[in-house]
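Given the structure is predicted, the values throughout are model-derived calculations rather than measurements.
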Amino acid sequence: MFTGIVEEIGRVKSIRHGVKSVTLEIAASVVLEGTQVGDSICTNGVCLTVTQLSDGSFMADVMPETVRRTSLAALMVGSKVNLERALTLQSRLGGHLVSGHIDGTGRIRSRNNDDNAIWLWIECGDVMMRYIIEKGSVTVQGVSLTVAAVSPSHDAFAVSLIPHTQGATTLHSISVGDTVNIENDVIAKYVEKLLEPFASQGGETMSQKDKMALYRNFMK
């Protein structure tokens, strides 16, 4: 598990492409402290297992399922990535519980400055939007963020980046049209699963709209 609080920005040192998989070598320093082969490092929101350590870098395999579901396949040598080591019992939970299991990707619809903040509107499909609620938590590129707003059509949500987040993560360089990894709040997914037995009325399955309303009311 992770917290979504990025520890450092790493850099892709090398990429080895398989038929459907990818092996990444990432240059880093902070996240290598105390890390051993087999440990997990969240990379742009994706939980990767360290397969090899060297002086100033680590290697990780990206399996075909992860390649399909995330934006890691689009990385190039020199790309910057958000890095975080796995949570320990001694760590502060400054963000929210993050599994590193990406639900899908979104696309940056717009980017606007608001005094010292940057607003990003991110559009994504119903599969992910059904878990997005205003003032709830979401992980974008491995960064724990608060949902600032949801579009009336429920096809996009906004986050507002404070100066610290802009400087400590790669989100400051995000541009309109870029693809980002998104992980929904894991609590929301478990709540939906637990409510499934109650999600039918008179033998008829509830509509997606009714399910979203039920979930939002439950979380209030």
Side-chain angles (χ1 to χ4, degrees), residues 1-15 24-35 39-48 50 56-58 60 70-72 74-88 90-100 102 105-124 132 134-150 156-185:
M1 300 295 292
F2 308 91
T3 68
I5 303 299
V6 173
E7 293 187 278
E8 76 170 306
I9 297 176
R11 179 180 56 82
V12 177
K13 189 174 180 179
S14 68
I15 302 175
L24 298 173
E25 181 180 9
I26 299 173
S29 57
V30 176
V31 298
L32 299 183
E33 297 176 7
T35 295
D39 287 348
S40 298
I41 294 180
C42 191
T43 305
N44 272 4
V46 183
C47 177
L48 296 180
V50 175
S57 67
F58 70 93
T70 75
S71 65
L72 292 187
L75 291 176
M76 299 180 294
V77 173
S79 293
K80 294 181 178 180
V81 290
N82 296 317
L83 301 175
E84 180 193 354
R85 287 169 293 187
L87 179 67
T88 70
Q90 289 75 37
S91 303
R92 291 181 180 272
L93 187 59
H96 69 283
L97 291 176
V98 175
S99 68
I102 300 300
T105 58
R107 188 183 72 87
I108 303 299
R109 174 181 291 181
S110 66
R111 171 190 170 122
N112 301 289
N113 294 325
D114 183 16
D115 194 5
N116 66 343
I118 296 176
W119 277 66
L120 298 176
W121 275 95
I122 305 170
E123 59 183 31
C124 52
I132 301 292
E134 189 171 333
K135 304 310 176 186
S137 296
V138 66
T139 307
V140 179
Q141 293 290 82
V143 183
S144 173
L145 297 170
T146 299
V147 177
V150 176
F157 66 94
V159 293
S160 182
L161 311 179
I162 63 173
H164 175 78
T165 304
Q166 296 171 35
T169 74
T170 63
L171 294 183
H172 71 279
S173 61
I174 289 290
S175 301
V176 173
D178 285 352
T179 299
V180 292
N181 293 321
I182 296 175
E183 180 186 334
N184 292 120
D185 187 354

A.B. asks: If you round to the nearest 0.5 Å, how far is CD1 of I118 from CG of L171?
C.D. replies: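 If we round to the nearest 0.5 Å, L171:CG and I118:CD1 are 9.0 Å apart.
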A.B. asks: Would you be so kind as to tabulate the donor-acceptor pairs closer than 3.5 Å made by side chains of residues 158-166, with sequence neighbours excluded?
C.D. replies:
from	atom 1	to	atom 2	distance (Å)
S160	OG	W119	NE1	3.4
Q166	NE2	N116	O	3.1
Q166	NE2	L161	O	2.9

A.B. asks: Who pairs with V81 by side-chain contact (heavy atoms from CB on, under 4.5 Å), at least two apart in sequence or on another chain?
C.D. replies: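 If we apply the side-chain contact (heavy atoms from CB on, under 4.5 Å) test to V81, skipping adjacent residues, the hits are V12, I26, T43, N44, L75, L83.
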A.B. asks: What pairs meet the salt bridge (charged side-chain N to carboxylate O under 4.0 Å, His left out) rule with one or both residues in residues 168-181, with sequence neighbours excluded?
C.D. replies: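 Not a single pair qualifies under salt bridge (charged side-chain N to carboxylate O under 4.0 Å, His left out).
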A.B. asks: Write down the atom of S144, the atom of H96, and the distance for their closest heavy-atom approach.
C.D. replies: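 Looking at all heavy atoms of both residues, the closest pair is OG-ND1, 2.7 Å.
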A.B. asks: I'd like to check the salt bridge (charged side-chain N to carboxylate O under 4.0 Å, His left out) partners of R85; sequence neighbours left out, ordered by chain and number.
C.D. replies: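 In terms of salt bridge (charged side-chain N to carboxylate O under 4.0 Å, His left out), with neighbours along the sequence ignored, R85 is linked to E7.
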A.B. asks: Please identify each residue that fulfils side chain to side chain donor-acceptor pair (under 3.5 Å) with S29, with sequence neighbours left out.
C.D. replies: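 Applying side chain to side chain donor-acceptor pair (under 3.5 Å) to S29 gives E8.
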A.B. asks: Taking only residues two or more places apart in sequence, or in another chain, which ones meet S14 in a side-chain contact (heavy atoms from CB on, under 4.5 Å)?
C.D. replies: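 Only E25 meet the side-chain contact (heavy atoms from CB on, under 4.5 Å) criterion with S14.
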A.B. asks: I would like to know whether L24 and I15 meet side chain to side chain contact (heavy atoms under 4.5 Å, CB included); could you show each step before the answer?
C.D. replies: CA-CA 5 Å; L24 298 173; I15 302 175; 3.9 Å; yes
A.B. asks: Any chance you could measure S175, atom OG, to I108, atom CD1, to the nearest 0.5 Å?
C.D. replies: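 So the OG of S175 and the CD1 of I108 are separated by 9.0 Å.
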A.B. asks: So, taking the atom named OG1 in T139 and the one named CD1 in I182, what distance separates them when rounded to the nearest 0.5 Å?
C.D. replies: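 Nearest 0.5 Å value for the OG1-CD1 distance: 10.0 Å.
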A.B. asks: By side chain to side chain donor-acceptor pair (under 3.5 Å), which residues pair with R11, not counting sequence neighbours?
C.D. replies: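 Listed in chain order: nothing, the list is empty.
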A.B. asks: Could you state the interatomic distance from CD1 (I122) to CD1 (I132), rounded to the nearest 0.5 Å?
C.D. replies: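 Here the interatomic distance stands at 8.5 Å.
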A.B. asks: Could you report the tightest heavy-atom contact between E134 and V150, atom names first, then the distance?
C.D. replies: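 Nearest pair, atom of E134 first, then V150: N-CG2, 4.0 Å.
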A.B. asks: Could you check whether any side-chain heavy atom of I41 comes within less than 4.5 Å of a side-chain heavy atom of L48, counting everything from C-beta outward?
C.D. replies: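 No, too far: nothing below the 4.5 Å cut-off.
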A.B. asks: What residues, two or more places apart in sequence or in another chain, satisfy side-chain contact (heavy atoms from CB on, under 4.5 Å) together with T146?
C.D. replies: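 Testing T146 for side-chain contact (heavy atoms from CB on, under 4.5 Å), a comparison that skips the adjacent residues, returns K135.
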A.B. asks: Tell me every residue that passes salt bridge (charged side-chain N to carboxylate O under 4.0 Å, His left out) with R111, counting only those two or more places apart in sequence or in another chain.
C.D. replies: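 Once residues adjacent in sequence are excluded, R111 has no partner under the salt bridge (charged side-chain N to carboxylate O under 4.0 Å, His left out) criterion.
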A.B. asks: So which heavy atom on A149 is nearest to which on W121, and how close?
C.D. replies: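 Answer, listing the atom of A149 first, then W121: CB-CH2, 3.9 Å.
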A.B. asks: Kindly write out the residues that satisfy side chain to side chain donor-acceptor pair (under 3.5 Å) with S137, not counting sequence neighbours, or none if the list is empty.
C.D. replies: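 Counting only residues at least two positions away or on another chain, S137 forms no side chain to side chain donor-acceptor pair (under 3.5 Å).
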A.B. asks: Measuring from atom NZ of K80 to atom NE2 of H172, what distance do you get when rounded to the nearest 0.5 angstrom?
C.D. replies: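 Going from NZ on K80 over to NE2 on H172, the span is 6.0 Å.
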A.B. asks: To the closest 0.5 Å, what do you measure between SG (C47) and CE (M1)?
C.D. replies: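 So the gap between those two atoms works out to 10.0 Å.
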A.B. asks: What pairs with D39 under side-chain contact (heavy atoms from CB on, under 4.5 Å), at least two apart in sequence or on another chain?
C.D. replies: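 Only T35, Q36 meet the side-chain contact (heavy atoms from CB on, under 4.5 Å) criterion with D39.
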A.B. asks: Test N82 against every option in T170, T169, N181 by the side chain to side chain donor-acceptor pair (under 3.5 Å) rule and name the one that passes.
C.D. replies: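 Result: among T170, T169, N181, T170 is the only option passing the side chain to side chain donor-acceptor pair (under 3.5 Å) with N82.
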A.B. asks: Who passes side chain to side chain donor-acceptor pair (under 3.5 Å) against S79, sequence neighbours left out?
C.D. replies: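 Testing S79 for side chain to side chain donor-acceptor pair (under 3.5 Å), a comparison that skips the adjacent residues, returns none.
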A.B. asks: Check whether any side-chain N or O of E84 sits under 3.5 Å from a backbone N or O of G4 as a donor-acceptor pair, and report yes or no.
C.D. replies: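 Yes, E84 side chain to G4 backbone: donor-acceptor pair under 3.5 Å.
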A.B. asks: Do F157 and C124 have side-chain heavy atoms sitting under 4.5 Å apart?
C.D. replies: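 Yes - at least one pair of side-chain heavy atoms lies under 4.5 Å apart.
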A.B. asks: Under 3.5 Å, is there a donor-acceptor pair between the side chain of E183 and the main chain of V98?
C.D. replies: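 Judged by distance alone, no pair lies under 3.5 Å.
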